[in-house]
Amino acid sequence: MNGDIERVIIDRHAIAQRVKELASTIAGDLGSQDQPLPKGLTLVPILSGSFIFVADLIRHLPLLMRIRMLSIVSYPGPRTTSRGARMQSELTHLPHTLQNTHVLLIDDILDTSNTLRLAVDAIQHRQPAALRTCVLLRKQRSSALQFPVDYVAFDVPDKFVVGYGLDFNGYYRNLPDIVTLKAEVLEQAERV
Ligand code: IMP
Ligand code: MG
């Protein structure tokens, strides 16, 4: 697995430091609101890519919260370019209790913005008191930069990256650093 890595883009220490810093910003914003949150905060992580980020982030967030996972797929199979996003199941499993709560929607990476747009629309439909968005990575391309997000941990080059929860064809999520893969690894899999 490590032999497939081309380059480390963000190492585990930089990730840990930034996640802690971001959590403190979020806690400052959400914890110091004039109106205390009567139902607490509802975190909505988009699966699967955000699971490691969210696991680290929430342990630095000393706020009352519930967590409701949302499943959206955008890259079926061994591909590195988006083919549009679709929800695996309708948001029907998201409880009506989103109404009047403060929601923090979390994704791993903002690329074409199809995924986040789909999730934002679905959550807005449920009339939360407020909705904020947070991504671990934002690619340096216009589709990502033009989409408004409240919190971004890192801006990254417009390259396909894996690790720290992000996958290629389901693999590499367990790499502790955020890395690019060797061209032959991507090409080989795309041909299968
Ligand atoms: P978007 O819908 O194009 O904004 O892409 C968001 C989703 O696509 C993310 O939640 C990821 O699952 C996936 N994705 C986009 N770029 C990458 C990448 O560089 N590596 C791995 N997954 C990615
Ligand atoms: Mg993915």
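Both ligands and their constituent atoms are indexed starting at 1 by order of listing.
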*For Val103, does its backbone N or O pair with a side-chain atom of Thr101 as donor and acceptor, under 3.5 Å?*
no

*Check whether any heavy atom of Gly49 sits under 4.0 Å from an atom of ligand 1.*
no

*Does Lys159 come within less than 4.0 angstrom of ligand 1, counting non-hydrogen atoms of the residue?*
yes

*Does Ile72 come within less than 4.0 angstrom of ligand 1, counting non-hydrogen atoms of the residue?*
no

_Need the ligand 1 atom indices (1-based, order shown) with element for anything under 4.0 Å from a heavy-atom of Ser113._
1 (P), 3 (O), 4 (O)

*Verify, without hydrogens or angle tests, whether Thr25 (side chain) and Glu21 (backbone) share a donor-acceptor contact under 3.5 angstrom.*
yes

*Quick one: does Ile46 get a heavy atom under 4.0 Å from ligand 1?*
no

*Does ligand 1 have an atom that lies less than 4.0 angstrom from a heavy atom of Val161?*
yes

*Side chain of Asp177, backbone of Val179: donor and acceptor closer than 3.5 Å?*
no

*Donor-acceptor pair, Thr42 side chain versus Leu104 backbone, under 3.5 Å?*
no

*Heavy-atom contacts under 4.0 Å between Asn114 and ligand 1: side chain, backbone, both, or neither?*
both

*Classify the side-chain pair Asp158/Gln140 by whether it contains a donor and acceptor separated by less than 3.5 Å.*
no

*Which part of Leu166 is near ligand 1, with near meaning a heavy atom under 4.0 Å away: side chain, backbone, both or neither?*
side chain

_For the residue pair Asn174 / Tyr164, report whether a side-chain donor-acceptor contact shorter than 3.5 Å exists._
no

*Between Asp150 (side chain) and Thr133 (backbone), is there a donor-acceptor pair under 3.5 Å?*
yes

*Between Asp107 and ligand 1, which part of the residue brings a heavy atom under 4.0 Å of the ligand: side chain, backbone, both or neither?*
side chain

*Determine, step by step, whether Asp4 and Lys182 satisfy the salt bridge (Lys or Arg N to Asp or Glu O under 4.0 Å) criterion, reporting the C-alpha distance in whole Å, the side-chain angles of both residues, the deciding distance to 0.1 Å, and the verdict.*
CA-CA 6 Å; Asp4 297 341; Lys182 289 178 180 162; over 6 Å; no

*Should Val162 be listed as contacting ligand 1, given a heavy-atom distance under 4.0 Å as the test?*
no

*Find all atoms of ligand 1 within a distance of less than 4.0 Å from any non-hydrogen atom belonging to Lys139, and give their numbers and elements.*
16 (N), 17 (C), 18 (C), 19 (O)

